[in-house]
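Have a look at the structure below, then the notes.
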Amino acid sequence: MHVDIVRKIAIALLLPVIGAFITAGIMFNFFHNDDGNHNVIYIAGQQNLLATELREWTHMVLIGQEEDRTGLQERIRKFDLFLNTLT
């Protein structure tokens with residue numbers, strides 16, 4: 001009778017451990033089979049930042065700061081490169 005109680009307690013204590021291993025396996029499988037969308041999200045974020053910079057640099061050129069025209073052209077090339085990468 002004493003062994004039966006010990007066995008029930010051992011099973012009750014092992015169930016959360018088994019559940020934790022199953023959960024860890026599911027999480028590993030989920031992250032291992034990731035299709036790599038994080039790179040697309042990173043490029044989209046970079047493009048968003050470049051769009052903001054483009055607006056500011058365009059404004060500077062429009063108000064007469066001609067020395068900023070080369071920086072604007074560089075950002076236009078980067079924006080175009082990121083846009084082509086996304087499509």
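Here the CZ-CD distance, from R75 to E56, works out to 11.0 Å after rounding to the nearest 0.5 Å. Interatomic distance, CD of Q47 versus OG1 of T52, reported as 10.5 Å (0.5 Å rounding). Atom CG of L13 and atom NZ of K8 lie 14.5 Å apart (nearest 0.5 Å). To the nearest 0.5 Å, atoms CG (L54) and NZ (K78) are separated by 10.5 Å. Atoms CD and CG, from E74 and L50 in turn, are 9.5 Å apart once rounded to the nearest 0.5 Å. The CE atom of M27 lies 14.5 Å from the CD1 atom of I22; values are rounded to the nearest 0.5 Å.
At distances below 3.5 Å, not a single donor-acceptor pair connects side-chain atoms of R55 with backbone N or O atoms of A51.
A salt bridge links E66 to R69: at least one charged side-chain nitrogen sits closer than 4.0 Å to a carboxylate oxygen.
No continuous path of hydrophobic side-chain contacts links I9 to V17 [ILVMFWY only; heavy atoms under 4.5 Å].
Remark: of the listed residues L72, I76, L62, L72 is the sole one forming a side chain to side chain contact (heavy atoms under 4.5 Å, CB included) with W57.
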